[in-house]
Amino acid sequence: MTELSNPIPSKPPRSQWLDVWDQFKTHRGALLGGILFFLIVASVYLGPFLWDIDATHIDIRSRNQGPSLAHPFGTDQLGRDMMARMMAGGSTSVSVGLTAMALALVLGSFIGVVAGFFKRLDGPLMRLTDLFLALPLLPLLLVMMLLFREPLNAAFGPEQGIFILIVCAIGVTSWMPTARIVRGDVLAIKEREFVLAARSIGTSNSQLITRHILPNVLSPIMVSATLGIATAIITESSLSFLGLGFPPDFPTWGRLLFDATDYLQQHPERVFWPGIAISLTVLSVNYLGDGLRDALDPRIRGR
Amino acid sequence: ERGSDGQVNIIYWQAPSIMNPFLSGGTKDVEAASLVIEPLVRYNQDGVMVPYLAAEIPTVENGGVSEDLTTITWKIAPGLKWSDGSAFTSADVKFTADYCMDPEGGCAQVTKFEGVTSVEALDDLTVKVTFAKPTPFPYGPFVGGESPIIQAAQFADCMGAKAPECTEANFAPIGTGPFVVDEFKPNDVITLSANPNYRDPAKPAFAKVLFKGGGDATAAGRAVMETGEFDYAWNLQLAPEVIAQMESAGKGKPVAGFGPLVERIMLNNTNPDPALGPDERSVIRPHPFLGDPAVYKAMSLAIDRPLLVEIGYGKAGKVTCNWVPAPAAVNSDTFTCDKQDIAAANAMLEEAGYKDTNGDGVRETPDGIPMKILYQTSTNAVRQDFQALIKQWWSEIGIESELRNLSGSVFFGGDPGSPDTFQKFYADVEMYANTFNGTDPQSYLANGLCDKAPSPATQWQGENISRFCNEEFDKLHAELTTTAGAEARAEISKRLNDIIVGNGGMIPLVHRGRLSAHANSLGGVVLNVWDSEIWNAADWYRIK
Amino acid sequence: MLDQPIAQIKGLRVEFQTKDGPVVGVENVSFDVNPGETVCVVGESGSGKSVSSLSLMRLVEFGGGEISAGELMFDRREGGVMDLAKAPGDMMKDIRGNEIGMIFQEPMTALNPVFTVGRQLTEGLRVHKDMNKAQAEARALELLREVRIPEPERRLTQYPHELSGGMRQRVVIAMAMACEPRLLIADEPTTALDVTIQAEILALMDRLKRETGTAVMFITHDMAVVAQMADRVVVMFRGNKVEEGTVEEIFENPQHDYTKALLAAVPKLGEMQGKAYPEPMKLMGVEGQRIEPIKGTDEVLLQVENLTTRFPVKGGLLRRTVANVHAVEDVSFKVFKGQTLSLVGESGCGKSTAGRSLLRLVEPLSGKVEFEGRDILGLNQRDLHKARLDMQMIFQDPFASLNPQMQLLDQVAEPLRNYGLASGSELQDRVANLFDRVQLPRSFMRRYPHEMSGGQRQRIAIARALALNPKLIVADEAVSALDVSVQAQVLNLMMELQADLGLSFLFISHDMAVVERVSHQVGVMYLGRIVELGPRARVFENPQHAYTQALMKAVPIADPHRRKSEKDLNFKPIPSPIHGLDYQPEPSQYLEVEPGHFVLTTDSGY
Amino acid sequence: MLTFTIRRLILSVPTLLFISLVIFLLLELAPGDPMAQVPLTVPPEVKEKMREALGLGQPAPIRFWKWLVQFFWIEPQVLIDHYFGTTFSQGDLRVISWQTRSPVMDIVIQRMPQTLWVVGTAYVVAIFIALPIGIYSAYRQYSWFDQLGTFVSMVGFSVPPFFSGVLVIVIFSVQLGWFPSIYDTTHVVDSWDSFVHQLRQMIMPVMVLALQITAQLSRFMRASMLDNLNQDYVRTARAKGLSEYVVVMVHVLRNSMIPVVTVIALGIPAIFGGAIITEQVFKVNGIGQLLIGAIQANDLPMVQTLTFIFAILIVMFNLIADVLYGILDPRIRYD
Ligand SMILES: Nc1ncnc2c1ncn2[C@@H]1O[C@H](COP(=O)(O)OP(=O)(O)OP(=O)(O)O)[C@@H](O)[C@H]1O
Ligand SMILES: Nc1ncnc2c1ncn2[C@@H]1O[C@H](COP(=O)(O)OP(=O)(O)OP(=O)(O)O)[C@@H](O)[C@H]1O
Ligand SMILES: [Mg+2]
Ligand SMILES: [Mg+2]
């Protein structure tokens with residue numbers, strides 16, 4: 001009977017993260033996406049150490065050049081090296097994407113979880129979400145600039161200051177979809193029996209949220225995260241379009257793309273670089289997210 | 001022949017929001033309105049006055065202007081009709097003055113009527129304007145596109161506080177111009193058709209006008225020169241390279257004209273240090289180093305103006321060292337500045353005691369303050385390129401600059417609550433362009449007077465942005481206000497210009513022209529920078 | 001042609017492609033189904049029962065499976081015998097639902113939630129029988145009458161969620177019967193239902209089979225149900241057929257070890273007759289089993305008096321309470337140290353709510369819960385937290401009550417962490433001991449719930465409940481979702497723990513046979529009240545309340561000679577427990593018919 | 001359901017009032033001045049006069065109150081007057097734009113057609129493209145079609161419209177000369193030819209917008225279909241002998257559409273809100289362009305009114321989405 005009653009062949013136990021990695025490896029798209037994203041991040045942050053032309057250095061004699069050995073990506077209308085600018089722009093754009101996404105995610109998940117978990121806060125928080133959905137981004141940004149630019153400048157210097165401002169502005173205006181989705185999931189998960197079970201063994205509310213609720217809403221959060229990076233990069237570029245983004249000597253992919261659209265006919269390669277960089281980042285992050293979501297879910301991982 | 005040439009399409013990338021220049025003052029609105037309503041006299045492309053609704057231009061010689069320079073009497077050309085068929089009379093002219101001078105109306109053109117004490121209709125065709133004091137240049141009221149005549153009958157109920165409620169009149173004023181409004185879609189599009197009662201029966205050649213607004217300069221240029229969808233595009237502030245590319249498409253061509261518009265760097269003569277309180281910052285204390293002639297001269301010398309012109313404006317720009325480069329009569333030739341000389345600039349600073357003592361590439365003043373400046377301007381592609389270039393040049397002479405660009409709506413807005421307005425000037429230098437209307441610079445030159453400096457006391461209003469203060473200048477300007485005679489006035493104007501430029505009020509960069517484009521098939525376009533750009537739309541025709 | 005089997009499965013092998021390579025669902029299975037006969041396929045969970053039946057319908061392909069060998073001969077209504085394993089898709093479409101009908105395991109999810117019952121019923125008819133809408137509806141109505149659904153006209157326009165589980169399962173049956181198939185496959189049609197409804201459904205299927213002459217392939221793991229239904233039995237184990245025979249042969253003379261084990265694991269109602277105390281079951285293949293009665297003590301551990309729990313029904317513009325669900329109404333009982341009190345009753349009668357109210361997982365409205373002399377209902381949050389140290393709960397569904405994202409180690413350790421009882425290596429040790437205690441290998445500690453079988457999961461839940469060394473465990477249908485063999489192991493484990501540690505259980509179940517096996521005291525609940533309460537032997541041998549009597553009758557007995565017929569059963573639909581705000585329920589009054597045996601005299605609604 | 005709706009409607013009144021207050025305060029705080037558009041040649045004293053004429057001299061609470069009265073009391077009257085020829089609103093001051101000195105609502109109504117035409121069509125087109133793509137991608141998960149769909153939608157999602165817009169203009173207007181680059185808002189559709197012209201001028205902005213919306217919607221649709229394809233009821237449907245088409249397109253689709261429909265409903269306010277950048281690029285001059293123009297000109301009454309209308313739409317469509325959910329999914333009950 002013992003052999004009959006013990007049908008599951010026991011695998012040797014493995015570390016959780018090794019499992020995650022194993023599953024991740026099997027997802028071809030995710031692996032490719034991950035490698036690509038890593039390459040982008042590496043070239044953007046480490047590239048400047050290898051390519052030592054300053055992104056703001058103006059070499060007026062060699063302006064509007066096409067790709068060449070000296071300037072693999074060509075130069076812009078003031079003779080600045082496009083490759084250096086792409087790297088500099090990338091580090092801003094990727095940082096904005098990551099941090100704004102992280103901010104939106106934290107805010108959205110927090111509000112979503114709290115609204116879903118505490119019935120009493122649900123109504124007010126969801127109306128708050130409505131409010132933020134209704135707020136116009138531009139005036140909000142202007143107000144934030146007005147209120148916080150000086151103190152932030154004083155505390156972090158002008159570049160960091162505006163970076164924080166823009167990241168906050170994007171983060172603060174893009175957490176709502178995440179909150180809605182997370183809330184819906186939390187509402188459903190809260191009714192699952194394991195939550196009641198956890199309560200019966202004396203788990204407090206905060207432990208309940210962090211141990212039981214959050215891991216189970218990870219998958220929608222991951223999806224929001226991947227979309228969030230893309231949205232943040234694109235929002236930043238739209239802000240440049242509307243004249244509210246980073247200062248002009250602070251290149252970002254969005255700004256490079258926007259500046260180059262005027263020269264679309266004369267120097268098409270100039271739109272090509274930032275355009276392809278944004279698209280590749282978004283794509284790689286998307287595949288990466290798909291893979292991570294699968295890898296983090298033990299149910300899928302087990303299959 | 002009137003109406004024989006079909007439709008003409010005009011695109012303004014800033015859309016007109018109202019057809020009443022008295023309520024807006026925006027160029028786009030004034031120019032759109034100029035198709036419909038007209039002043040008594042316009043300036044032509046050379047800045048010379050030509051009578052439109054007036055029979056002649058009153059002068060002291062012909063007795064139209066009194067000897068003591070306090071009155072001017074306008075004679076209206078006989079037989080003029082409003083587009084609704086009613087007669088144009090002196091009552092309309094008088095009404096226009098009353099309308100604008102109503103204290104509650106918030107008239108944008110009230111400066112045109114500055115010093116006017118009364119406007120009387122002597123008879124149906126004669127109007128007499130009386131000034132409080134001798135006015136050597138009495139051609140403010142009713143002259144130029146900003147001061148057209150509106151119909152008394154139509155606007156009778158729109159005086160003062162009621163002005164904004166007359167939407168219909170504001171959107172479709174009855175005028176004497178070549179066209180009448182069919183439909184006005186604010187901030188979008190205006191459709192007009194030929195005025196059946198226009199004074200010249202052969203004009204206008206076009207039966208219809210489509211006046212589209214919105215978008216951006218690139219798109220407007222493209223629509224005229226590349227796709228040929230539009231016939232006329234206004235104010236194409238684009239990179240010369242882009243303009244050239246568009247022109248090569250062969251459907252249209254750019255035209256340029258030069259008014260007194262100057263792109264300049266204003267130097268803050270006060271100390272903008274944030275550490276100073278709101279009542280002192282950019283108000284009282286002198287700037288730690290910008291006031292030194294060696295500094296501002298070196299800064300000016302480090303700038304390669306021809307390159308700026310080439311990169312930023314091409315055909316639509318000229319190097320200038322003057323604040324008032326036009327009309328030609330008032331353009332001073334005291335300074336030359338078309339050569340960049342970094343070495344000389346460095347030497348100048350070195351000599352004046354500004355040395356890089358700590359080896360960080362930035363000079364320090366003799367008191368040890370590093371020469372770091374904040375350089376702000378409005379958001380605009382060309383300005384940002386200029387900023388980058390100038391920043392680099394200045395860094396070569398050991399002056400480090402931090403760049404900041406601000407949304408135009410904030411920078412040029414006068415909100416006293418905002419720290420980012422150009423009036424507050426919470427920066428060391430700022431770059432923008434300014435100009436004046438008409439051909440007489442007197443009131444423009446007043447922008448250099450000590451008491452026009454913006455300060456908390458004036459709610460930060462005032463046009464003396466650089467807080468320039470010079471006794472000699474003030475005195476000379478007072479003299480100008482009482483001097484008649486074009487030549488003498490021009491002479492004084494030049495001297496005023498030299499004082500301010502020579503004493504660190506500003507660093508002029510580029511004399512900017514207006515660049516517009518018209519389709520090759522559109523004939524009769526004469527670009528006018530002294531009045532409405534489309535002043536002679538009545539003469540336009542289709543080249544067949 | 002009558003002697004020709006309707007379906008012959010020959011050497012069936014089904015493989016699934018998974019990420020870890022192919023998995024064999026069914027290895028080599030052959031059996032026949034003859035016309036007019038009921039073949040029961042039994043076996044534990046995962047033995048390949050469903051896969052075999054789905055293969056016959058060629059539905060495994062949609063689940064990622066592939067029929068890699070074997071023949072599936074099917075005798076078509078006209079056109080002779082053909083091999084379904086090779087039939088083209090179009091032909092399968094004609095056969096499915098038309099000549100083979102199928103009833104699925106889960107009545108709750110087998111119906112499309114967004115279409116009305118009528119629509120789902122008529123769909124097949126219109127496809128296969130070329131009926132127009134009116135005809136199909138008429139036929140659907142007839143079908144609903146056949147399966148004895150009350151108010152069939154109204155049901156047609158209702159959505160699945162508006163029906164009770166039993167009604168839904170009847171709809172599924174009606175749907176499968178719609179085109180009068182020659183073969184009806186029923187895949188565990190009653191496993192998810194409670195006794196009373198199960199009894200009804202079984203009787204119904206039996207009748208339908210008799211009336212229409214359809215052959216039935218009945219899949220189950222419940223031997224009692226087999227005894228009730230089968231003509232012939234096929235026993236499956238890990239993808240293989242291990243035994244086949246008539247129902248009498250299988251029950252009276254099982255050959256294979258597995259069959260024997262299966263039969264031994266089935267608790268039979270009446271087995272405990274004459275025994276005063278519960279005792280563990282004798283299981284096959286377990287050496288040196290200690291079978292001793294568990295006496296317990298008569299010290300009162302928990303005393304519940306007049307417990308009432310209501311759920312507000314909100315409505316109206318301002319979300320005010322407009323009515324109450326009287327889930328638990330004036331309930332009193334005692335649990336003695338080291339003993340088990342069972343609560344039985346139909347689904348929805350308030351058993352779970354009563355159990356949860358004790359731990360204040362739902363807040364009771366009024367009453368008194370005294371645990372070791374402390375009033376639980378009066379405690380503040382902090383004291384309640386402490387009190388829960390001594391009272392733990394095991395939940396009905398082992399699949400739902402474990403967090404899918406957490407390793408088992410962490411789940412079992414969680415209560416210890418919550419109370420700060422252990423940390424570091426001590427924590428590890430204690431968890432390891434708990435795993436030993438519930439007889440799980442320590443190597444499972446790093447696994448996730450989905451990597452465990454149902455029985456193993458329930459052991460984890462038990463280990464978690466034991467972690468704090470509680471005095472009372474509320475076991476809310478702790479074994480209902482498990483296979484018989486696993487269920488027996490878990491029951492034995494629980495009783496063993498009771499004997500060793502002197503635990504008390506509040507055992508909630510609807511399975512009378514299980515209750516008989518484990519309890520010292522039994523309370524029968526109906527519509528929120530306890531209608532009968534007393535020592536197990538008395539309640540089972542001398543049921544006094546009409547409801548208790550009806551409940552006893554519904555229990556299927558694992559003996560093919562004691563089948564029940566439809567007319568034995570008379571269940572009234574349960575009245576609604578929802579009452580308006582002004583409804584004042586009468587207090588419960590009991591008559592002590594024997595010492596310690598109480599019967600409700602107040603009107604209970606039955 | 002009805003009471004749920006009514007309750008939410010009642011609740012939305014204080015919500016909206018609060019939102020309007022927040023918007024007002026936000027705009028109050030924002031730097032910027034309606035006089036920024038006025039040329040520098042106009043001296044400050046005059047600008048100050050003009051500001052006063054706009055009512056900017058009054059304290060903020062009074063201006064807020066005035067706006068509330070104008071928006072909630074006078075504007076509805078104007079609407080009633082318009083339809084029934086009554087004269088309730090005679091002599092009352094409506095919400096007046098600072099830029100155009102004309103009633104804001106008139107301009108909004110004027111802008112509505114082109115916004116709805118372009119953005120609305122884009123939305124509809126996007127839905128019609130996205131749904132089939134999403135359905136088929138899910139049905140054939142991990143097929144090349146699915147992979148391609150993912151790739152294209154991600155690229156579509158990642159190119160900002162200010163770039164894709166200009167790109168299509170350069171290709172289709174400048175190089176090929178097929179479509180006009182500037183949208184003609186005065187164009188009236190009254191014949192087949194004019195309809196064709198309308199199509200020609202709409203096609204580029206619609207496509208640029210639709211690309212973005214499609215990208216997102218098709219992802220949603222795919223995920224939702226995947227959720228449902230593995231449900232038990234699908235097996236039941238197959239067991240009934242229904243064809244694959246009916247199983248997928250009736251049974252699965254109907255269930256998958258529930259979340260997607262609400263997502264679509266939540267996107268509808270954006271249609272009325274216009275597409276700021278795309279409108280700008282193609283000169284459609286709809287609501288989006290109106291808003292951005294008003295923001296740039298600091299036309300506070302206009303911005304306030306527009307954002308508030310937008311807020312109303314968002315609150316309403318959130319409610320509609322919730323109600324739709326309840327209607328489409330018979331399991332959900334709100335009382
Ligand atoms: N879609 C699938 N993918 C992979 N393996 C599967 C799939 N479906 C079933 N299996 C495997 O096939 C085997 C038989 O499963 P089956 O569903 O037939 O069991 P069962 O006897 O019906 O069990 P239960 O009583 O739990 O319903 C199991 O080992 C299962 O893991
Ligand atoms: N949270 C709740 N809100 C409202 N009503 C509830 C809630 N929980 C239970 N009920 C209702 O209370 C009654 C008793 O439910 P309970 O879960 O206690 O029944 P049960 O006897 O455990 O049934 P089962 O055997 O199905 O588990 C039912 O009518 C149920 O619908
Ligand atoms: Mg099964
Ligand atoms: Mg229960």
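Sequence lines set the chain letters: A, B, ... in the order given, protein chains first and strands last, and positions in each chain run from 1. Just so we're clear, the structure is a prediction, and the values are computed from it rather than from any experiment. All values below were derived from every heavy atom in this structure, side-chain atoms included, with hydrogens, water molecules and symmetry-related copies excluded.
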Flag side-chain contact, heavy atom, 4.5 Å: I465(B) against Q423(B):
yes
Does any backbone or side-chain atom of I182(D) lie under 4.5 Å from a heavy atom of chain B? Answer side chain, backbone, both or neither.
both
May I ask you to decide if the ring planes of F411(B) and Y432(B) are parallel, tilted or perpendicular, using 30° and 60° as cut-offs?
perpendicular
With a 4.5 angstrom heavy-atom cut-off, which part of R94(D) approaches chain B: side chain, backbone, both or neither?
neither
Please look at K185(B) and chain D and tell me whether the side chain, the backbone, both or neither of the residue comes under 4.5 angstrom of a heavy atom of that chain.
both
Is a side-chain donor-acceptor pair under 3.5 Å present for E533(B) with Y232(B)?
yes
No-hydrogen, no-angle side-chain donor-acceptor test under 3.5 Å, E31(B) and Y12(B):
yes
Please work out which of the three classes, parallel, tilted or perpendicular, describes the rings of F71(D) and W67(D), given edges at 30° and 60°.
parallel
Counting only non-hydrogen atoms closer than 4.5 Å, does F422(B) touch chain D with its backbone (N, CA, C, O), its side chain (CB onward), both, or neither?
side chain
Please find out if less than 6.0 Å separates the ring center of Y99(B) from that of F113(B).
no
Please classify the contact of Q110(D) with chain B as side chain, backbone, both or neither, using a heavy-atom distance under 4.5 Å.
side chain
If you tally heavy-atom pairs under 4.5 Å between each of N170(B), L23(B), I18(B) and chain D, the highest tally belongs to L23(B)
Answer key: most heavy-atom pairs under 4.5 Å with chain D among T227(B), D188(B), N447(B) is D188(B)
Portion of A433(B) that has a non-hydrogen atom of chain D nearer than 4.5 angstrom
backbone
Contacting moiety of T191(B), where chain D heavy atoms sit under 4.5 Å
side chain
So, the part of C166(B) with a heavy atom under 4.5 Å from chain D: the answer is neither
For a ring-ring contact (aromatic ring centres under 6.0 Å, His included) with F24(D), tell me which candidate from W65(D), F308(D), F64(D) qualifies.
F64(D)
